Structure formats: C-alpha cells, structure tokens
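Note that the coordinates shown come from a computational prediction; the quantities given were computed from them, not determined experimentally.
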2 protein chains.
Amino acid sequence: MRPEIEFSEKQVAIIQAAEKLFAEHGFDGASVRDIAQEADVNVAMISYYFGSKEKLMEAVFEKKSNATRLKVENLIADKTISPLQKVYVLIDDYVDKFIHQQEFHKIMLREQMINKHTPIAALIHELKKRNLESIKTLIAEGQKTGEFKRNIDVILMMTTMVGTVSQMITSQHFYKTLNNMEHMEEMEFQRHMRKRLSTHLKNLFKKMITNE
Amino acid sequence: MRPEIEFSEKQVAIIQAAEKLFAEHGFDGASVRDIAQEADVNVAMISYYFGSKEKLMEAVFEKKSNATRLKVENLIADKTISPLQKVYVLIDDYVDKFIHQQEFHKIMLREQMINKHTPIAALIHELKKRNLESIKTLIAEGQKTGEFKRNIDVILMMTTMVGTVSQMITSQHFYKTLNNMEHMEEMEFQRHMRKRLSTHLKNLFKKMITNE
DNA sequence: CAAAATCAATTAAACGTTTGTTTAGTTTTA
DNA sequence: TAAAACTAAACAAACGTTTAATTGATTTTG
C-alpha cells in the first residue's frame with residue numbers, strides 16, 4: 001500500500017487547478033502555463049513539486065479514484081437494500097458522475113485508448129479491477145437470494161454500462177440535433193439525458209440479470 | 001450532392017499513407033512528415049494538394065464512409081432474410097469493422113469527444129444520421145411483421161451497440177490481463193473478442209426488441 | 001516548326017508557434 | 001547560514017505550414 005502523501009498549500013492549489021483545467025480542456029488542452037496561472041503559481045513549480053505534467057495528472061487522478069472506490073464499497077456493504085436496488089443505485093451513480101464530470105471522464109477514455117502502459121492507465125486499471133470485484137460479489141449475492149439468474153457475464157455487463165454512458169456523452173451533440181434540443185438549457189438537457197440513460201440501462205439490466 | 005473529385009496518383013498515395021498512419025498512430029500521432037515519407041512524397045505536397053492536415057483527414061474519412069453507407073443500405077434492402085437476422089448481420093458487421101480497424105475508429109471516437117464542430121465531426125454526424133434512418137426503417141419493418149415489439153428506443157439501442165463495442169476495444173488491455181490472455185496471439189484474441197461481443201450483443205438485442 | 005511563355009508539380013529550407021522542462025539565480029524560512 | 005521555496009528566462013524539440021526557387025510539360029506565339 002502506498003503511504004499517504006502530505007501536500008503543501010501550493011501543491012493543493014496546483015492539483016485543484018489541474019483538476020479543473022484538465023476537466024475543462026483535457027490533458028493536452030490544458031497547458032502547464034494555464035494551470036500555473038489558475039493556481040497563481042510559477043510555471044516551474046509544477047516540475048519542481050510533481051516532476052512533470054504527467055505526474056501531476058497522476059496525483060489528480062489518485063485523489064479522485066479514492067473517493068469512487070469508497071463509495072462503491074459502501075454501497076455493496078449496505079444491508080438495507082436489495083441487490084437489484086444496489087444495481088440501480090450503481091447505474092444512477094455512474095450516470096450522474098459521468099454527466100457531471102464529462103471532461104474528466106473523457107480524459108480517462110482517451111488515456112485508455114492509448115495502448116501504451118502509462119502510469120495513469122495503470123491507475124485506471126487498478127480502480128476498475130477493484131470495482132469489478134465489488135460488483136461480482138454483489139451479483140453473487142443476488143444469485144444466492146434467487147433474485148438474479150445464473151450465468152451472468154459480469155464483465156460484458158459492465159462493458160455495456162460504461163460503454164453506453166460513454167457513447168451517449170461522446171455523441172451528445174449528435175443526439176441534441178437529432179432531437180431538436182440545441183436550444184435547450186444545458187442543465188435541462190443534462191437532466192433529460194440522465195433520466196433517459198438511467199431508464200434505458202435499468203430496463204436493460206433487469207432483463208439481463210433477473211428471472212423475468 | 002458533392003461532385004466526385006478526381007485524385008492524381010500522388011494524391012491517392014498520400015490518402016492511402018494517411019489512412020494507414022492515422023489508423024496506426026491516430027491523428028496527432030501521425031505527423032505530416034511521417035505521412036509524406038510513407039507516401040514517398042515531399043512534405044509540402046500535403047498542404048499543396050489538401051490545404052492542411054485536417055483537410056487530408058476529411059478526404060480519408062469521406063472515402064471510407066461511402067463504403068459503409070452503401071453496405072448498410074444494401075443490407076436493409078435485402079429481401080431474403082428476416083429483420084432479426086438483419087439486426088444480427090448489422091451487429092456482426094459493426095463488431096468486425098471496429099475490431100479490424102481499431103485505430104481508425106479510435107480517431108472517430110476522439111473526434112466526437114471534442115465538442116468543437118469540426119468538419120470531420122460533421123461528416124461523422126452525417127454518416128450516423130443516414131445509418132440511423134436505415135435502421136429505423138428496419139425496426140419498423142420488424143414491427144410490421146410482428147417480430148419486434150412496439151416502443152423500441154432505437155437511438156439508445158444504437159448507443160448501446162456502439163458504446164459496448166467501443167468500450168470493449170478501448171479497455172481490451174484491461175480485459176486481457178483480467179482473463180490472463182496477455183500471452184494470446186493477437187489474431188486469436190481478436191477472434192475471441194469478436195465472438196464474445198457478438199454473442200453478448202445478440203442476446204441483448206433479442207431481449208430488447210423481440211416479443212420473448 | 002521551333003522558340004518562348006505559361007502553368008502546374010515538386011523540392012529543400014526556413015518560419016513561427018507552442019510545448020514541457022531546465023537553468024541559474026534570488027528570496028524566504030528554520 | 002544552509003536548505004527549501006520560488007522566480008524569470010532561456011532551452012530544445014516538435015509541429016504544421018509557407019516560401020522561394022527549380023523542374024517539366026504543355027500551350028502560345030512568331
């Protein structure tokens with residue numbers, strides 16, 4: 001296990017600025033000069049503290065992935081709701097998170113697209129593996145109670161969930177013009193997308209995993 | 001309708017080189033110098049003939065999208081197979097194309113991720129809209145024969161198909177290590193992926209669109 | 001018909017910009 | 001006073017694009 005690293009005030013400012021600008025403009029789109037300006041810090045401080053832009057990205061990602069991991073593990077451990085309800089919460093959480101942090105998730109998608117084994121790809125890998133394990137135990141739980149059927153392909157099930165949401169976000173401009181929603185307020189459109197994605201995925205998952 | 005443009009020998013060489021290198025290294029990853037070398041042509045010829053790297057990409061994309069459009073339209077018009085079989089063929093074709101031209105499809109994904117209304121995004125947009133129309137008529141056909149049920153959300157259905165395949169390709173390295181397949185031959189792994197994706201999507205679609 | 005002019009094709013080289021990073025100092029802190 | 005924090009400036013590499021000159025072929029002209 002990695003020891004927790006203490007960050008100074010300026011380091012935190014840099015990480016926050018990076019998180020914001022990476023999320024808004026992507027990894028390549030946010031230059032170190034932009035980030036330094038946003039954090040009100042000299043450009044050289046980024047290399048000084050983090051070594052490189054890439055390492056800075058790792059720090060940002062590590063911060064975010066810890067939160068995600070905890071949330072999923074707490075959901076699985078919850079004894080007050082049924083396995084199917086947990087799956088529904090999982091879907092809603094994922095849809096919400098992706099919609100509200102679109103640009104940041106796009107960075108993750110881009111990073112996974114590269115075949116290179118970058119440190120960031122390794123971190124994403126680690127997070128996904130952990131979450132997949134949690135979800136497998138959740139499915140097993142549902143199978144024990146008889147709610148879920150046998151022979152569920154959990155990996156492809158998750159691939160479909162992540163893929164559907166990603167694709168929806170990725171092609172949202174296409175979706176907008178297709179439904180004459182260009183004029184719609186951004187917030188309203190996000191609510192619409194959230195609802196429609198959630199409904200679609202819950203229907204899909206119910207058919208995939210339950211006995212009728 | 002756009003008039004067909006005649007390309008000289010060198011222009012064709014450039015387009016082919018670009019198609020190859022874009023597919024192997026992505027848009028940013030393939031420099032104009034690399035492309036010029038591959039086509040055995042001076043760097044300046046790219047700007048001279050196509051105006052810019054971006055415009056070159058448009059030419060490459062346009063060439064490819066014509067083939068796709070024709071294939072889908074021919075499938076829909078086929079009177080020898082049932083609507084459900086057509087959907088299955090559609091799935092297989094899409095899975096195959098994506099698997100065999102992974103890097104090129106990644107370019108399309110990246111291009112759609114950018115919110116900017118680039119000319120390439122517009123071309124993708126156009127192609128997708130056309131294909132979506134074809135598929136809607138296919139679904140309507142199946143509904144008329146009673147094979148398919150009413151109230152099918154075609155847009156989200158396609159989002160799930162495209163998204164699932166994209167996500168599988170995008171995270172294939174993760175998938176490999178998860179199943180201890182790092183050692184597997186690339187061709188064999190592709191066959192495996194193709195089969196598993198195809199099966200999963202056909203199951204999914206059958207449940208989504210048919211009455212039982 | 002041959003010479004001259006015109007135009008597209010082609011080239012090597014340079015341009016201008018942007019990028020992440022490093023250097024060589026200076027200031028602050030302990 | 002020594003180490004850490006911080007800075008302005010320069011650096012080096014890569015990129016897409018443009019320039020200016022040359023070649024080759026085709027057309028115009030005398």
Side-chain angles (χ1 to χ4, degrees), chain A residues 5-62 103 106-107 110-111 114 116 118-121 123, chain B residues 3 5-62 103 106-107 110-111 114 116 118-121:
Chain A
I5 306 152
E6 290 296 323
F7 288 124
S8 73
E9 206 175 313
K10 295 231 170 185
Q11 283 171 305
V12 171
I14 291 170
I15 290 180
Q16 283 175 345
E19 187 173 344
K20 180 185 171 195
L21 294 187
F22 283 153
E24 281 175 10
H25 308 117
F27 184 75
D28 291 333
S31 74
V32 289
R33 283 173 176 80
D34 294 339
I35 295 169
Q37 192 169 31
E38 174 79 25
D40 198 25
V41 137
N42 189 283
V43 216
M45 297 311 291
I46 289 174
S47 295
Y48 180 72
Y49 277 132
F50 296 93
S52 67
K53 189 187 180 184
E54 175 100 5
K55 294 258 185 63
L56 170 58
M57 178 65 199
E58 290 174 43
V60 173
F61 183 82
E62 208 143 5
E103 291 305 322
K106 285 182 188 171
I107 296 176
R110 283 193 203 100
E111 199 67 31
I114 309 166
K116 302 268 167 50
T118 66
I120 294 167
L123 289 172
Chain B
I5 305 153
E6 291 295 323
F7 287 124
S8 75
E9 208 175 311
K10 294 231 170 185
Q11 283 171 305
V12 171
I14 291 170
I15 290 180
Q16 283 174 345
E19 188 174 342
K20 181 185 171 195
L21 295 187
F22 283 154
E24 281 175 10
H25 310 117
F27 184 76
D28 291 333
S31 74
V32 288
R33 284 172 176 82
D34 294 338
I35 294 169
Q37 192 169 30
E38 174 79 25
D40 197 26
V41 138
N42 188 283
V43 218
M45 297 310 290
I46 289 174
S47 294
Y48 179 72
Y49 277 133
F50 297 93
S52 67
K53 189 187 181 185
E54 174 101 4
K55 293 257 185 65
L56 171 57
M57 178 65 200
E58 290 174 43
V60 173
F61 183 82
E62 208 143 4
E103 291 305 322
K106 285 181 188 173
I107 296 176
R110 283 194 203 98
E111 200 67 31
I114 310 165
K116 302 268 165 51
T118 66
I120 295 168

Nearest nucleotide by nearest heavy atom, which residue falls closer to the 5' end of DNA chain D, A/Val41 or A/Arg33?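 Checking each residue's closest nucleotide, the 5'-ward one belongs to A/Val41.
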
Among the candidates [options], find the nucleotide nearest to the side-chain atoms of [X].
X       : options                : result
B/Ser47 : D/dC6, D/dT18, C/dT21  : D/dT18
B/Val32 : D/dG16, C/dA9, D/dC6   : D/dG16
B/Ala44 : C/dT11, D/dT17, C/dG20 : C/dT11
B/Ser31 : C/dT21, C/dT23, D/dC15 : D/dC15
B/Met45 : C/dA9, D/dA8, C/dT19   : C/dA9

Just call it for A/Ser8: base, sugar-phosphate, or nothing, with non-hydrogen atoms closer than 4.0 Å on any strand.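 Nothing, no nucleic acid heavy atom in range.
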
Under 4.0 Å between any heavy atoms, over every strand shown, what does A/Tyr49 touch: base, sugar-phosphate, or nothing? Just pick one.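 The residue A/Tyr49 makes sugar-phosphate contact but no base contact.
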
Measure the distance from [atom1] on [X] to [atom2] on [N] and round it to the nearest whole Å.
X       : N      : atom1 : atom2 : result
A/Leu21 : C/dT19 : CG    : P     : 13 Å
B/Phe50 : D/dT18 : CZ    : C1'   : 18 Å
A/Gln37 : C/dT19 : CD    : P     : 13 Å
B/Glu9  : C/dA9  : CD    : C1'   : 13 Å
A/Asn42 : C/dG20 : CG    : P     : 15 Å
B/Asp28 : C/dG20 : CG    : P     : 13 Å
A/His25 : C/dT18 : NE2   : C1'   : 16 Å
B/Ile46 : D/dC15 : CD1   : C1'   : 13 Å

Run the numbers on A/Val12 and A/Gln16 for side chain to side chain contact (heavy atoms under 4.5 Å, CB included), then give the verdict. CA-CA 6 Å; A/Val12 171; A/Gln16 283 175 345; 3.9 Å; yes

Considering just the side-chain nitrogens and oxygens of A/Tyr48, establish if one lies under 4.0 Å of OP1 or OP2 belonging to D/dC6.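 For D/dC6, neither OP1 nor OP2 has a side-chain N or O of A/Tyr48 closer than 4.0 Å.
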
Look at the side-chain N and O atoms of B/Lys10 and state whether any lies under 4.0 Å from the OP1 or OP2 oxygen of C/dT10.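 Answer is yes, contact under 4.0 Å.
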
Test side chain to side chain contact (heavy atoms under 4.5 Å, CB included) on A/Lys53 and A/Phe22; report intermediate values, then the result. CA-CA 11 Å; A/Lys53 189 187 180 184; A/Phe22 283 153; 4.0 Å; yes

From CA spacing to verdict: side chain to side chain contact (heavy atoms under 4.5 Å, CB included), B/Phe61, B/Glu111: CA-CA 12 Å; B/Phe61 183 82; B/Glu111 200 67 31; over 6 Å; no

Kindly indicate, with the supporting measurements, whether the criterion side chain to side chain contact (heavy atoms under 4.5 Å, CB included) is fulfilled by A/Met57 and A/Ile107. CA-CA 10 Å; A/Met57 178 65 199; A/Ile107 296 176; 3.6 Å; yes

Does the cation-pi check pass for A/Lys10 over A/Tyr49, that is, NZ or CZ under 6.0 Å from the six-membered ring centre and within 45° of its axis?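 No, A/Lys10 does not sit over the ring of A/Tyr49.
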
